[in-house]
Every structure is written in structure tokens, then in C-alpha cells.
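Report on one structure; see the data block that follows.
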Amino acid sequence: VQLPSSAGLEELPEALVRQLLGPYLLGSRFLLRGRTLAAAPDGYPSSDIDRVYRVGPVSSEQLLHPEKYWQTASRDEPRTVSTGDVAALLGSEWALSGTGTLGELMLGLLVGASSSSDLLTKPSASWTNAAASGWGGDVWELWTQQAGDLLVVRTEWDTRRDAKEFARALSSRPGLAWRRAGKRVGLVAGDAGSHLDPLLEALASGP
């Protein structure tokens, strides 16, 4: 697989660059269990490669923090998250057109993790930061109607402190609203109108 040139990468959205480059640039360090090649003279043990082929990592968090995959005591599986009562709150005029998971890799974009240009040129640049670490799980849903689109996201964090760090790092920008309750942070992007407060309450505090 041929990666785009650096000039081509600069023209792509930041989120897409992370999705394209992440598996390549994070995969090597992941297979080395977080070490560098200099610290692993034997390279990639075949037993580790076999293990990953059988049961691979299940989140970008495990790629970013290899110990959360390799070490039994530190292993961290993502939690299953749902948006709860969003469909009922929006009503029949809205249609669900997509759903998925962002993960720590993508949520880092919202809270100041290094840009793709830094990741390619600066050895000290990091794919994540303190505000995105401590991710426990998330789900996003894209809802559409004739007037426009609405993105709702529910995130769950390992601790209340992790949730607070993520919420504090969210920059204020038009069309993005969020609310935190305990270890959960809900986000709404788009014009939700009168639905905004009920949505935020459901995403942050609902079941």
C-alpha cells in the first residue's frame, strides 16, 4: 500500500490523515510492546505476531498504549456505549444515517493532540495527550433531516478525573456543545435547536 505524499497529506482532513497513518506508524511500536527497535534487538517475536493475528487489539487506545493490550494487569477493554434516548428526543423527523466509534485516536483531535504535520516531522510529537487518555468507550450517531445534520457523541472515561480533563480541554467553537456528568461527557455538533439541552442531559446523565 502506497501512502500519500506529504504534500497530498496536507490537503486531507486531519481526521482522515490519522486514520490513514495510524496503523502504519503506531503498529510497529505496538508490536514491540511500546519499545523502540534499539531496545528490542530480536525484533518482533513470532509468538507476538501470531497472538495479534488470532486476537488483535480492539481499540486505538490499545495501539496508543501497548501495555493495555499486552499486560494482563493493565489490559483495558473498551466499554459498550449507547446514546440512550436520543431517537425519542429528536422525534420522527430525524433519521439515523450513520454510527460508529471515535476512540482515543480521533478524540485527541478535539483536545489538542499533535497535528499530522507534527507527527510526521517531530519525534517528540504524540498521537494523544493527557486530555484524551483515560478513554473508556464512546459512540457517535449522525442524524439527518431536510434542514441539516446533527452529530451526537457519548463518551465514557475510566475516572471522573479523566472525564474532567477531557471536558476542560474541549475548545469553545460554534456549533459544538458538551456536558459532563460523572465519568461521562456528551457532545452535540450542529444546530439542535430546542433539542439541545434535552440531548446534552440524556447523553451526559442518561442510562
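Residue numbers count from 1 along this sequence.
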**OP:** Mind listing the closest non-hydrogen atom pair of Thr99 and Glu141 along with its distance?
**Re:** OG1-CG, 3.7 Å
**OP:** Would you check if Leu170 and Val111 make a side-chain contact, meaning some heavy-atom pair closer than 4.5 Å?
**Re:** yes
**OP:** Provide the full list of side chain to side chain donor-acceptor pair (under 3.5 Å) pairs with a residue in residues 51-66, sequence neighbours left out, each pair given once.
**Re:** Glu61-Lys68, His65-Glu104
Original post:
Are Val17 and Trp127 co-members of a hydrophobic cluster defined by side-chain heavy atoms under 4.5 Å apart?
Top reply: yes
**OP:** Measure the shortest side-chain to side-chain distance between Leu176 and Val188 over non-hydrogen atoms and say whether it is less than 4.5 angstrom.
**Re:** no
Subject >> Same apolar cluster (I L V M F W Y, side chains within < 4.5 Å links), Phe166/Leu151 >> reply: yes
Original post:
Do the side chains of Trp140 and Trp94 join up, straight or via other hydrophobic residues, at under 4.5 Å, putting them in one cluster?
Top reply: no
**OP:** Determine the minimum heavy-atom distance between Val58 and Pro78, stating which atoms define it.
**Re:** CG2-CD, 3.5 Å
Original post:
Looking at Val152 and Thr83, what are the two nearest heavy atoms and their distance?
Top reply: CG2-CG2, 4.4 Å
Subject >> Residue pair Trp157 / Arg184, side-chain heavy-atom distance below 4.5 Å >> reply: no
Original post:
Any link between Val139 and Leu142 through a network of hydrophobic side chains (Ile, Leu, Val, Met, Phe, Trp, Tyr) touching at under 4.5 Å?
Top reply: no
Original post:
Roughly how far, to the nearest 0.5 Å, is NE2 of His195 from CH2 of Trp143?
Top reply: 11.0 Å
**OP:** Check whether any side-chain heavy atom of Thr155 lies under 4.5 Å from a side-chain heavy atom of Leu102, and answer yes or no.
**Re:** no
Original post:
Under 3.5 Å, side chain of Asp138 to main-chain N/O of Thr101, donor-acceptor pair present?
Top reply: no
Original post:
Does a salt bridge link Glu156 with Arg154, judged by any charged N lying under 4.0 Å from a carboxylate O?
Top reply: no
Original post:
Do Phe30 and Trp70 have ring centroids that are under 6.0 Å from one another?
Top reply: yes
**OP:** Find the distance between CG (Leu21) and CG (Leu26) and round it off to the nearest 0.5 Å.
**Re:** 9.5 Å
Original post:
Nearest heavy-atom pair of Arg18 and Ser114: which atoms, and what distance?
Top reply: NH2-O, 2.8 Å
Original post:
Do NZ/NE/NH1/NH2 and the carboxylate oxygens of Lys183 and Asp158 come within less than 4.0 Å?
Top reply: no
**OP:** For Leu150 and Gly190, work out which heavy atoms get closest and say how close.
**Re:** CD1-C, 3.7 Å
Original post:
Just how far is it from atom CG of Asp191 to atom CG of Leu196, taken to the nearest 0.5 Å?
Top reply: 9.0 Å
Original post:
Can you tell me how far the CG atom of Leu203 sits from the CG atom of Leu187, to the nearest 0.5 Å?
Top reply: 8.0 Å
Original post:
Are Val52 and Leu31 close enough that some pair of their side-chain heavy atoms sits under 4.5 Å apart?
Top reply: yes
Original post:
Should we say atom CZ of Arg160 is surrounded by more than 12 heavy atoms from elsewhere, each under 6.0 Å from it?
Top reply: no
**OP:** Might you point out which heavy atoms bring Ala204 and Ala181 nearest each other, and give the distance in Å?
**Re:** O-CB, 3.4 Å
Original post:
Honestly curious: do Met106 and Trp178 fall in one hydrophobic cluster under the side-chain, below-4.5 Å linking rule?
Top reply: yes
Original post:
CG/Leu64 to OG/Ser133 distance, rounded to the nearest 0.5 angstrom?
Top reply: 8.0 Å
Original post:
Does any donor atom in the side chain of Thr159 or Arg161 lie under 3.5 Å from an acceptor atom in the other side chain?
Top reply: no
